[in-house]
Amino acid sequence: MNYRPEIDGLRALAVLPVVLYHSKINLFQGGFVGVDIFFVISGFLITKIIITEVFQSSFSIIKFYERRARRILPALFTVLIFSTVLSWALLPPIQFKDFGQSLFFVSFFTSNILFWIESGYFTEATELKPLIHTWSLGVEEQFYIFFPLLVLFIYKINKKYIFPSIFLILTISLFLSYIYSAPNIDTELREAAFFLLPTRAWELMLGSILCLSNKHSVINSNGMFNNFMSFIGLLLIFYSILFFGENTPFPGLYALVPTLGAAFIIVFGTNKTYAFKLLTIKPMIFIGLTSYSIYLWHQPLLAFSRFYFIGELSSVTVLLIIITSIFLGYCSWRYIEQPFRDKNKISRKNIFIFSIAGTLILSSIGMIIHLNDGFKNRYSTNEIALLDFQSYEQRDELYRERDCLLKQNQDQNSFKDICKAGETYIWGDSHAAGLYAGINLNEEASQFTASGCPPILNIKINAVPNCASINDYIYSSIEQAKPRRVFLSAYWIHDSYEGSDDLLLKTLSKISNEHPSVEFYVLGGLPIWFPSLPVTMLKADNLLNGQETYIENQLFKKIAQKDEVIKTMVLDLNNKNIKFISMLDLLCEGNHCLTQAADPNIEPIAFDYGHLTRSGSVEVSSRIFDVINHSFNNN
């Protein structure tokens with residue numbers, strides 16, 4: 001196959017946005033589309049190899065899988081070993097147990113299935129998963145189990161059927177991707193569309209179609225047209241990187257934007273085009289050649305750094321991680337990838353022995369870690385007692401999940417009668433649901449909460465397709481029941497709520513103006529702990545003892561800034577029936593926030609990054625009512 005330097009440049013254009021996206025650089029909110037570009041490139045190059053050898057009657061399944069093993073496994077095994085060592089050193093038992101499970105699945109290229117079952121790609125927890133990015137390897141390698149066999153089968157029937165058959169499968173896969181990525185589809189199905197092969201295969205097959213089209217000489221050779229089309233390809237890619245985000249229904253038809261962009265460059269980016277000149281500058285070629293190893297290294301470095309520093313990474317730290325990822329990517333490419341591709345240095349027999357042995361050893365290590373609960377015996381009894389709160393067994397009962405805290409696939413008709421019990425309303429997302437136990441001790445409360453759905457009218461959140469209708473239902477209930485008071489609470493700094501300030505202001509204005517007899521209390525954000533309060537307490541040597549202790553909260557400034565925005569809205573409305581209560585003022589001294597409570601049990605305030613325990617709910621609610629009774633009622 002003739003070397004095409006612009007494709008290496010395109011690889012650079014794929015890997016850099018992914019690295020910057022996982023680094024949480026806001027400008028690259030759509031950087032995840034780099035994976036889609038990789039899929040198109042991979043489909044194009046692999047199909048070219050397969051078709052050429054099949055048509056020359058020289059194709060061998062063994063030789064094909066040998067190439068894949070040489071290309072993929074050595075660098076992957078290196079990163080997995082590195083990640084296992086650091087996981088032992090840095091991860092608490094629960095996270096280490098989860099890592100072991102992912103290590104097992106990655107070893108067999110099925111991590112995409114695991115991550116689909118566990119949670120979505122855009123959830124908070126994913127940034128702490130060192131191997132989350134390997135889902136794309138799972139999709140790709142699963143595809144290459146079936147694709148060569150499919151081509152061989154069709155070729156033996158009639159080689160003329162190869163193009164239409166692949167095009168038909170591409171169309172079916174794209175249709176499934178479109179159907180199951182729609183905002184109104186069940187969350188589990190949308191996540192399946194993101195992670196699984198049936199709804200991703202079309203992206204690799206798009207590359208295959210490009211290869212077959214090239215074979216049949218349908219590419220336009222007009223220089224001006226090539227320049228225009230390849231430039232459009234670049235625009236499509238940059239547009240998706242800059243303007244897509246976690247609320248974009250993806251993959252679906254939206255994935256056509258970056259994939260067609262890549263396709264246009266592959267087809268029309270001839271050596272006389274501006275796109276070719278841009279993509280073939282030396283830095284782009286360098287990044288492209290080392291892109292696979294850079295991709296492997298960046299996420300473990302980011303995830304482990306977040307555990308080590310316990311919080312959001314500084315700009316300097318992120319920059320150092322990106323530079324380190326590129327450096328390790330080069331070393332991995334130069335000293336691991338390259339030697340293993342050399343058949344004169346490593347024979348076919350040895351590469352297969354290496355592959356099988358590596359897979360069995362790493363998968364066994366992963367299973368051992370998981371079955372041993374992340375080796376809890378690394379910690380003392382008191383430390384384990386604290387960390388065990390991360391698996392808070394009372395959550396379902398405490399939050400009344402699926403009854404009064406609706407999940408993402410439920411609608412407003414799912415609220416049970418037990419949710420409508422008192423004249424005090426709790427309206428918001430799961431952070432509001434955590435307040436129910438404590439508020440209900442002070443006043444009989446009605447709980448109207450939905451996971452990932454803030455108390456903002458007309459808000460659209462793709463992950464919670466029924467959010468707007470749920471909020472309309474709650475507002476109608478307020479209109480009809482005229483409750484005594486309503487608490488509005490949410491995880492206000494959640495990425496999905498970003499850009500909703502205007503809608504929040506309209507909501508606050510509407511409810512306070514139209515219902516002057518109802519007391520509305522807008523609660524500021526609860527302290528957020530990274531990666532969780534129990535882990536943060538462990539790092540600070542702040543074990544459970546029932547004492548009122550405070551430790552530094554890394555996200556204090558971010559929460560305080562958002563609180564100030566909401567507080568200003570409430571003050572500007574100047575309505576007597578709506579008040580703002582700062583949770584930071586109630587729970588923090590400076591930027592150090594309360595960590596544990598003793599009533600009714602000695603527990604951390606929160607069992608994860610911010611959801612309240614029962615004792616946390618009682619403590620926080622008690623402080624809320626102290627403010628209401630002693631501050632607002634005295635004015």
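Starting from 1, each residue takes its place in the sequence as its number. Hydrogens, waters and symmetry mates are skipped; everything else that's a heavy atom, side chains included, is used.
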Please check if the distance between the ring centroids of [X] and [Y] is under 6.0 Å.
| X | Y | result |
| --- | --- | --- |
| F389 | F607 | no |
| H370 | F105 | no |
| F487 | F520 | no |

Q. Once the angle between the rings of F194 and W135 is folded into 0 to 90°, is it parallel (under 30°), tilted (30 to 60°) or perpendicular (over 60°)?
A.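 Correct class here is tilted.
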Q. Between H431 and Y609, how do the two ring planes meet: parallel, tilted or perpendicular, split at 30° and 60°?
A. tilted
Q: For F28, check ring pair (Phe, Tyr, Trp, His ring centres under 6.0 Å) against everything at least two apart and list the hits.
A: none
Any side-chain donor-acceptor pair under 3.5 Å between [X] and [Y]?
| X | Y | result |
| --- | --- | --- |
| S87 | T84 | no |
| H133 | H22 | no |
| Q480 | Y475 | no |
| Y491 | H611 | no |
| Q390 | Q95 | yes |
| D411 | N466 | no |
| T595 | N542 | yes |
| T549 | Q547 | no |
| D608 | W529 | no |
| S111 | T134 | yes |

Q: Would you sort out whether T536 and Q554 count as a side-chain contact (heavy atoms from CB on, under 4.5 Å), showing the intermediate values?
A: CA-CA 10 Å; T536 307; Q554 293 82 3; 4.3 Å; yes
[X] side chain to [Y] main-chain N or O, any donor-acceptor pair under 3.5 Å?
| X | Y | result |
| --- | --- | --- |
| N577 | E519 | no |
| S305 | L301 | yes |
| Y392 | R614 | yes |
| S430 | A433 | no |
| T613 | E603 | no |
| S617 | G434 | yes |
| S181 | S177 | yes |
| H494 | S496 | yes |
| T507 | L457 | yes |

Q. Out of E397, R395, R402, which residue meets the side chain to side chain contact (heavy atoms under 4.5 Å, CB included) rule with Y399?
A. R395
Can you tell me if [atom1] on [X] sees more than 12 non-hydrogen neighbours from other groups inside 6.0 Å?
| X | atom1 | answer |
| --- | --- | --- |
| E188 | CD | no |
| K557 | NZ | no |
| K420 | NZ | yes |
| F96 | CZ | yes |
| N545 | CG | yes |
| Q412 | CD | yes |
| Y308 | OH | no |
| K482 | NZ | yes |

For [X], which residues count as a salt bridge (Lys or Arg N to Asp or Glu O under 4.0 Å) partner, sequence neighbours excluded?
| X | answer |
| --- | --- |
| K567 | none |
| D501 | K562 |
| D388 | K376 |

Flag side-chain contact, heavy atom, 4.5 Å: [X] against [Y]:
| X | Y | value |
| --- | --- | --- |
| R623 | E619 | yes |
| H298 | I321 | no |
| Q299 | P130 | no |
| L533 | I605 | yes |
| L523 | M583 | yes |
| N553 | H592 | no |

If every non-hydrogen atom of [X] is compared with every non-hydrogen atom of [Y], which pair is closest and at what distance?
| X | Y | answer |
| --- | --- | --- |
| T199 | A193 | OG1-O, 2.7 Å |
| I511 | L508 | CG1-O, 3.4 Å |
| L504 | P455 | CD1-O, 4.4 Å |
| I426 | A432 | CG2-O, 3.4 Å |
| W116 | E191 | CD1-C, 3.6 Å |

Q: Kindly indicate, with the supporting measurements, whether the criterion side-chain hydrogen bond (donor to acceptor under 3.5 Å, both in side chains) is fulfilled by S451 and Q408.
A: CA-CA 6 Å; S451 183; Q408 294 171 326; 5.1 Å; no
Q.
Between V19 and I322, is the side-chain contact (heavy atoms from CB on, under 4.5 Å) condition met? List the steps.
A. CA-CA 7 Å; V19 173; I322 292 172; 4.0 Å; yes
Q: Hey, could you give me each pair passing ring-ring contact (aromatic ring centres under 6.0 Å, His included) that has a residue in residues 433-462? Not counting sequence neighbours.
A: F415-F448, Y425-F448
Q.
Could you walk me through whether E118 and K129 satisfy the salt bridge (charged side-chain N to carboxylate O under 4.0 Å, His left out) test, starting with their C-alpha distance in whole Å, then the side-chain angles of each, then the deciding distance to 0.1 Å, before giving a yes or no?
A. CA-CA 11 Å; E118 284 187 340; K129 294 180 179 180; 3.1 Å; yes
Q) Taking atom CG of N442 and atom CD1 of I628, what is their separation to the nearest 0.5 Å? A) 8.5 Å
Q) Would F309 and F530 count as a ring-ring contact (aromatic ring centres under 6.0 Å, His included) if you check the C-alpha gap in whole Å, the side-chain angles of each, and the deciding distance to 0.1 Å? A) CA-CA 9 Å; F309 292 109; F530 198 98; over 10 Å; no
Q.
Is there a side-chain contact (heavy atoms from CB on, under 4.5 Å) between L387 and I94? Walk through the geometry before answering.
A. CA-CA 8 Å; L387 292 172; I94 290 178; 5.9 Å; no
(Q) According to salt bridge (charged side-chain N to carboxylate O under 4.0 Å, His left out), does anything in residues 427-456 pair up with another residue at least two apart or in another chain? List the pairs. (A) E443-R484, E443-R485
